[in-house]
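A short worksheet on the structure shown next.
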Amino acid sequence: SDERVRFIRGLPCDLTGKICSVHNAHMKSRGAGGDYKTIVPLHFMAHKDFDEMPEKRFEHKYGRTKQSVRDRAPLYQKMWERHRGKDD
């Protein structure tokens, strides 16, 4: 939903802490079965790096693996559910 997009974009980037130019980065492509529950907020360049950079170079630049970023998607889903008042 548009509301969820705005909510995620209002959060700081999971990698840099920056708030400007945050994207809703799908951790699993929609074509591979990803959905709105697999989104992590990433700054524009971090999102580009996540999609394009080899794993080792990404890890060197950000100090984290791509998998560690993917693993945080459930945290952001939980934050959204709490924001909406749907805490399971």
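The basis for the numbers below is simple: all heavy atoms, side chains too, and nothing from hydrogens, waters or symmetry mates.
Look at D14 and R64 and you find a salt bridge, because one of the NZ, NE, NH1 or NH2 atoms lies within 4.0 Å of a carboxylate O, short of that distance.
Note that NZ of K61 and CZ of R57 are 7.5 Å apart. Values are rounded to the nearest 0.5 Å. With rounding to the nearest 0.5 Å, the separation of CD in E81 from CZ in R4 is 8.5 Å. Between M79 atom CE and R72 atom CZ the span is 8.5 Å, to the nearest 0.5 Å. Here the OH-NE2 distance, from Y76 to H83, works out to 15.0 Å after rounding to the nearest 0.5 Å. Atom CG in L42 sits 12.0 Å away from atom CZ in R9 (nearest 0.5 Å).
Looking at K66, its side chain does come within 3.5 Å of a backbone N or O of M53 through a donor-acceptor pair.
Proximity of R84 to E3: side-chain heavy atoms (C-beta onward) are separated by under 4.5 Å at one or more points. For the pair D49/Y62, a side-chain contact is recorded, criterion being any heavy-atom separation below 4.5 Å from C-beta on. Inter-residue side-chain proximity for E55 and T65 is flagged as met; some heavy-atom pair is nearer than 4.5 Å. Proximity of M45 to T16: side-chain heavy atoms (C-beta onward) are nowhere separated by under 4.5 Å.
Note: the hydrophobic cluster containing F44 does not contain V69 (ILVMFWY, side chain heavy atoms under 4.5 Å, direct or indirect links). Residues I8 and I19 do not share a hydrophobic cluster, defined by chaining ILVMFWY side chains whose heavy atoms lie under 4.5 Å apart.
Taking the six-membered ring for Trp and thresholds of 30 and 60 degrees, W80 and F7 have ring planes inclined between 30 and 60 degrees apart.
In this structure, P12 and P41 approach most closely via the heavy-atom pair O-CG, 3.6 Å.
For the residue pair R82 and Q77, no side-chain donor N or O sits within less than 3.5 Å of a side-chain acceptor on the partner.
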>> Would F58 and E52 count as a side chain to side chain contact (heavy atoms under 4.5 Å, CB included) here? Give the steps.
In response: CA-CA 9 Å; F58 181 88; E52 298 175 2; over 6 Å; no
